[in-house]
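Here's the structure, in structure tokens; my notes come after.
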Protein chains: 2
Amino acid sequence: MATVPTGRSRATIIDVAQAAGVSRQTVSNSLKHPERVRPDTLERVLAEIDRLDYTPSTAATSLRDQRAGAVGIELTGLGTTPSEALAPFLLGLAVHAPAHDCHIVTFATDADRPEPERYRSMWRSRLVDAFVMMDTHPDDPRPGWLRERRVPFASFGRVWDDPSFTAWADVDGRAGTSDAVDHLAARGYERIGWLGWPDGSAIGDERRSGWVDALERHGLDGPEARAEQDLVSAMAAAEGLVDSVGGGGAIVCTSDVLALGVHQVLLRRGLIPGRDVGIVGFDGSQTARTHGLTSVHQPYGAIADTLLTQVHDQLTDDELPSAGVMLAPELVPDASTERT
Amino acid sequence: MATVPTGRSRATIIDVAQAAGVSRQTVSNSLKHPERVRPDTLERVLAEIDRLDYTPSTAATSLRDQRAGAVGIELTGLGTTPSEALAPFLLGLAVHAPAHDCHIVTFATDADRPEPERYRSMWRSRLVDAFVMMDTHPDDPRPGWLRERRVPFASFGRVWDDPSFTAWADVDGRAGTSDAVDHLAARGYERIGWLGWPDGSAIGDERRSGWVDALERHGLDGPEARAEQDLVSAMAAAEGLVDSVGGGGAIVCTSDVLALGVHQVLLRRGLIPGRDVGIVGFDGSQTARTHGLTSVHQPYGAIADTLLTQVHDQLTDDELPSAGVMLAPELVPDASTERT
DNA sequence: CTGAAAGCGCTTACAG
DNA sequence: CTGAAAGCGCTTACAG
């Protein structure tokens with residue numbers, strides 16, 4: 001009778017077979033096809049599996065099944081500064097991976113711009129069956145490289161360069177800012193302005209359109225201003241905009257950083273965000289939480305889950321999803337839209 | 001003559017052997033023991049390896065070598081809010097992993113507190129050879145669980161519960177705040193105060209001691225105040241402290257959030273951070289970057305590299321490092337300590 | 001219902 | 001210097 005292995009050694013299928021007095025394949029059947037095993041045998045085998053704390057070796061099953069059971073994700077970021085979305089998105093992937101029968105392998109380079117080299121080595125060595133990608137940008141070489149080689153992958157964010165690519169999930173920015181306007185109107189803010197990025201960014205334009213739509217729906221009209229994605233630029237633009245909407249007005253912003261700019265301007269003027277002027281940001285970042293900014297939160301868990309599904313389907317059916325998936329973000333109220 | 005594989009199929013050692021007209025083991029030798037192969041043969045084999053884009057299969061080598069070549073890391077966080085250190089630390093791990101001949105596998109639960117269950121399943125299935133851990137806390141069940149089973153791991157942050165455990169790397173908080181005082185003194189700030197957490201936190205006390213030391217070294221004296229780790233508490237505490245240090249003074253803080261509290265109070269009073277009152281935060285977080293706060297940055301890359309070394313040594317020598325490693329953080333100046 | 005065999009891809013002693 | 005063999009742990013047809 002085998003004893004419980006101690007230290008670092010881990011039980012193999014042979015240990016279980018010997019302990020239960022059956023052959024290896026009966027152990028395997030007990031796990032994969034229990035109906036093929038006589039009940040009393042099954043019970044005995046499962047008891048030993050439990051006692052020996054046995055799980056099939058990943059390396060062996062992955063060699064045998066010709067699949068790694070892993071999805072790779074590149075950790076992108078400008079040098080040492082990762083994108084704010086990285087951590088919550090990774091957390092979403094890691095939480096949902098077991099339900100998709102896979103695990104998540106990370107990789108990164110210290111290169112400034114993403115390039116396909118590491119994808120190549122991960123793929124060549126069969127470390128992963130597929131990839132999940134974020135932060136794609138115009139002229140990103142990665143999607144094309146992967147598609148040429150028919151490597152399965154899915155993208156957080158549309159691949160704007162390639163409309164025929166449908167394995168993506170993205171956040172419906174239009175719905176998010178539209179919700180923001182509804183929220184502000186419901187709370188009784190009068191004039192609802194817009195602080196956005198300069199025209200021409202796909203994401204920024206989409207988010208602005210939600211504000212336009214909702215304003216029209218409510219029969220309202222509102223001032224707008226533009227700023228780059230940094231605090232100094234945001235504060236400069238916010239000055240005039242705060243004057244325009246005035247006390248009892250509110251401002252919807254393309255991002256939390258822009259929203260923070262509005263917040264800082266109010267603070268400097270001795271005004272109280274929420275009570276005097278409402279603010280809604282976008283992304284649900286740490287910045288929003290820290291400053292009590294109402295923000296449109298990205299549904300990271302749902303995005304991760306969708307992408308893993310799309311990747312799994314490609315692995316199974318060998319074809320792309322029929323269409324990308326737009327997910328509704330969620331407005332999370334905080335102090336910056338409290339009027340009391 | 002074999003052709004380049006297309007689509008998803010990837011070359012195996014047999015493809016290379018056939019293409020080069022040698023046996024499998026000669027291919028393997030060409031990679032692992034090139035000196036055993038005759039030069040002209042070697043050249044021919046390497047050419048085919050290159051042409052076919054061949055790399056040994058991870059699953060096969062890992063089965064054969066009885067090592068996964070992977071290190072697991074749990075993504076911790078309070079529900080959906082990951083710690084700010086998570087992303088840069090993971091990036092550090094991913095960047096340094098190849099130099100340690102391994103890759104990084106992530107996992108997570110949606111449980112509030114970390115528990116050993118997922119460590120158990122990762123370990124049982126031999127998916128990883130070792131773990132790296134962060135955010136350990138008093139009564140954390142994970143280090144004990146791993147040590148009992150002699151599972152190799154290393155911790156970002158000392159395991160305070162278990163001083164005999166030496167596989168850790170941590171940031172020298174004392175050195176960091178001491179540097180902060182030096183930096184402020186060099187820039188000519190007069191009174192240098194302290195805004196810290198309440199007494200009793202190991203990290204907070206250590207950081208404060210660096211301020212005490214440096215003040216003494218400079219023959220200075222300074223006021224101090226305490227606040228919890230949130231913006232509201234920080235702003236409340238900062239009010240009095242700003243009065244105490246006055247114009248031309250400066251404040252060293254236990255964290256970037258506390259530093260932000262000081263920053264916001266200055267803003268509200270119409271004072272300019274840096275010019276009127278200096279501020280130094282700690283952690284080098286996104287918050288610090290956004291607000292132009294000088295901060296003591298954690299050396300995430302060096303921490304990751306150290307932990308991977310410690311884990312690798314345990315795998316090789318089967319014993320713990322002789323001592324933990326304290327790494328010096330780096331003060332990164334920004335607008336909040338510019339006097340212009 | 002259960003067992004013996006083949007094979008996933010690789011590497012390292014071991015012969016030639 | 002090169003080749004045939006064994007074995008890492010597993011699973012799935014295939015016989016009994």
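In the text below, chain A, chain B and the rest are named by the order of the sequence lines, each starting its count at 1. For the numbers below, each heavy atom of this structure counts, side chains included, while hydrogens, waters and symmetry mates do not.
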Enumerate donor-acceptor pairs with a distance under 3.5 Å from any side-chain N or O in residues 28-35 of chain B to protein atoms, sequence neighbours excluded.
{"from": "B:N29", "atom 1": "ND2", "to": "B:Q25", "atom 2": "O", "distance (Å)": "3.4"}
{"from": "B:S30", "atom 1": "OG", "to": "B:T26", "atom 2": "O", "distance (Å)": "2.7"}

- Query: Which letter, B, S or -, goes with each nucleotide of nucleotides 10-16 of chain C from 5' to 3', with contact meaning a protein heavy atom under 4.0 Å?
  - Reply: BBB----

- Message: Checking A:R120 now: which residues fulfil side-chain hydrogen bond (donor to acceptor under 3.5 Å, both in side chains) with it, not counting sequence neighbours?
- Response: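 Checked A:R120 against side-chain hydrogen bond (donor to acceptor under 3.5 Å, both in side chains); matches are A:E117, B:D53.
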
- Partners of A:H312 by side-chain hydrogen bond (donor to acceptor under 3.5 Å, both in side chains), sequence neighbours excluded?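 If we apply the side-chain hydrogen bond (donor to acceptor under 3.5 Å, both in side chains) test to A:H312, skipping adjacent residues, there are no hits.
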
- Query: For residues 38-47 of chain A, which residues have at least one heavy atom under 4.0 Å from DNA chain C?
  - Reply: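 Contacts with DNA chain C under 4.0 Å: A:R38, A:T41.
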
- Applying the Watson-Crick and G-U criteria (both distances under 3.5 angstrom) with [ ] for crossing and | for other-strand pairs, one obtains for DNA chain C |||.||||||||.|||

- Task: Not counting sequence neighbours, list each pair that qualifies as a side chain to side chain donor-acceptor pair (under 3.5 Å) and has a residue in residues 153-165 of chain A.
- Result: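 Of all non-adjacent pairs touching residues 153-165 of chain A, those that pass side chain to side chain donor-acceptor pair (under 3.5 Å) are A:R147-A:D162, A:R147-A:S164, A:R158-A:D170, A:R158-A:E206, A:D162-A:S164.
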
- Message: Applying ring-ring contact (aromatic ring centres under 6.0 Å, His included), can you list everything that pairs with A:F156, at least two apart in sequence or on another chain?
- Response: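 A:F156: ring-ring contact (aromatic ring centres under 6.0 Å, His included) contacts with A:F89.
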
- Query: Among all residues two or more places apart in sequence or in another chain, which pass the ring-ring contact (aromatic ring centres under 6.0 Å, His included) test with A:F165?
  - Reply: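 In terms of ring-ring contact (aromatic ring centres under 6.0 Å, His included), with neighbours along the sequence ignored, A:F165 is linked to A:F153.
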
- Message: Just to verify, what does B:D101 make a salt bridge (charged side-chain N to carboxylate O under 4.0 Å, His left out) with, not counting sequence neighbours?
- Response: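 Partners of B:D101 under the salt bridge (charged side-chain N to carboxylate O under 4.0 Å, His left out) test: B:R67.
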
- Message: Please enumerate all residues that pass side chain to side chain contact (heavy atoms under 4.5 Å, CB included) together with B:I104, with sequence neighbours excluded.
- Response: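 Partners of B:I104 by the side chain to side chain contact (heavy atoms under 4.5 Å, CB included) criterion, ordered by chain and then number, come out as A:T106, B:V71, B:I73, B:L93, B:A97, B:L308.
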
Going by atom type alone, with no hydrogens or angles, which donor-acceptor pairs under 3.5 Å involve a side-chain atom of residues 40-47 of chain A and a protein atom two or more places apart or on another chain?
{"from": "A:R44", "atom 1": "NH1", "to": "A:A20", "atom 2": "O", "distance (Å)": "2.3"}

- Message: Judged by each residue's nearest nucleotide on DNA chain D, which is more toward the 5′ side, B:T26 or B:L63?
- Response: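 Its nearest nucleotide being more 5', the pick is B:T26.
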
- Message: Parallel, tilted or perpendicular, judged at 30° and 60°: which one describes the rings of A:Y119 and A:F107?
- Response: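 Rings of A:Y119 and A:F107: perpendicular, over 60°.
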
